[in-house]
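Both ligands and their constituent atoms are indexed starting at 1 by order of listing.
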Amino acid sequence: MEFLSPATLADALAAKAEFPDAVPIAGGTDVMVELNFDRRRPAALLDLTRVPELAEWGPQDGRLRVGAGVSYQRVIEELGERLPGLAMASRTVGSPQIRNRGTVGGNLGSASPAGDAHPPLLAAYAEVELASVDGARRVPVAEFFTGPKRSVLAPDELITAYVVPPADGPEQFAKVGTRNAMVIAVCSFALALHPDRRAVGTGIGSAAPTPMRAIRAELFLQGELADRWDSPGELPAPVVEEFGLLVAASASPIDDVRGTANYRRRALAVLARRTLRWAWSQYQEAHR
Ligand SMILES: Cc1cc2nc3c(=O)[nH]c(=O)nc-3n(C[C@H](O)[C@H](O)[C@H](O)COP(=O)(O)OP(=O)(O)OC[C@H]3O[C@@H](n4cnc5c(N)ncnc54)[C@H](O)[C@@H]3O)c2cc1C
């Protein structure tokens, strides 16, 4: 097996252009499992861990541009206040070892419907930055996934970063698993309140062929919150209930070893209600 180990982004993109079949490897927490189980035997691996540009993050035009190679642990430590939803999801990923190696870029690269970084990125209206030797493009994360483990990433492209507005309101993430750690989500849900734009963002994981937004639920809640942003009182129970039902109705889960479709829908409604209550009481608290 060829092992390509570029030390700059330009060299990495040139290598991907020359060897489009080369499999990028960042933290390796998905790739190495596939190699170990002989599910994949690529002719070449393209190691991205020496590329400094992928490990950087910083502000850009009022948003944050975070390199694809920034680990979960760094998201938690360095970006927890700016991207609380993503940090919350990152805390639930694997174990300390996995969070030290694993990256959000790798989660996007695997494009699993169960990837924990995806729901908070959806709820925060993030974009994924893709680059090749011909230049870079940005794709809204909601349009990045095309099917289970499939995305719009072209063979000659790399994921270089994701670009996301820093949180302007409370963000929450919750997931259901068969135990508390080291488990693939049975389903997950992220919610972001965006008081600045009077909007609501959502992200559903593990309950459809791709991670997805619950758009009808977002619109419903936006309508209900329209007159409440400035003087946030209690949210009526029927509003919370309806939000949960709309989130559950947006999903198209399947029965599999981790849970049934019915269970996933019920659990999603619970997660949606719970995260809404948490986020709204945070918002009320901030307004006092
Ligand atoms: C024990 C264990 C527990 C886990 N727990 C969780 C969990 O709780 N939640 C969760 O979501 N995941 C979990 N995972 C899966 C994995 O850790 C995540 O998907 C992680 O984000 C992968 O990141 P990585 O940097 O290790 O990716 P890698 O394994 O290096 O790569 C993953 C995929 O993305 C591609 N890729 C990587 N970087 C790029 C790039 N810059 N451009 C283009 N393609 C790229 C690779 O070619 C590969 O297809 C777990 C894995 C293990 C082994």
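- Near ligand 1, residues Val23, Pro24, Ile25, Ala26, Gly27, Gly28, Thr29, Asp30, Val31, Val33, Arg40, Leu48, Ala68, Tyr72, Thr92, Val93, Gly94, Ile98, Gly102, Thr103, Gly106, Asn107, Gly109, Ser110, Gly115, Asp116, Leu153, Leu158, Ile159, Lys175, Met182, Val183 each place a heavy atom inside the 4.0 Å sphere around the ligand atoms.
- Listed for the Ser206 side chain is a donor-acceptor partner under 3.5 Å among the backbone atoms of Ala185.
- Judged by distance alone, with hydrogens and angles left aside, the side-chain atoms of Arg265 form a donor-acceptor pair with the main-chain N or O of Ala251 at under 3.5 Å.
- Ion pairing between Arg137 and Glu157 holds under the 4.0 Å rule for side-chain N and carboxylate O.
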> Run the side-chain contact (heavy atoms from CB on, under 4.5 Å) check on Tyr162 and Val104 step by step: do they pass?
Replying inline: CA-CA 9 Å; Tyr162 49 98; Val104 173; 3.5 Å; yes
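- Checked against salt bridge (charged side-chain N to carboxylate O under 4.0 Å, His left out), Arg179 has no partners two or more places apart in sequence or in another chain.
- Cation-pi geometry between Arg39 and Phe37 is satisfied (NZ or CZ under 6.0 Å from the ring centre, within 45° of the ring normal).
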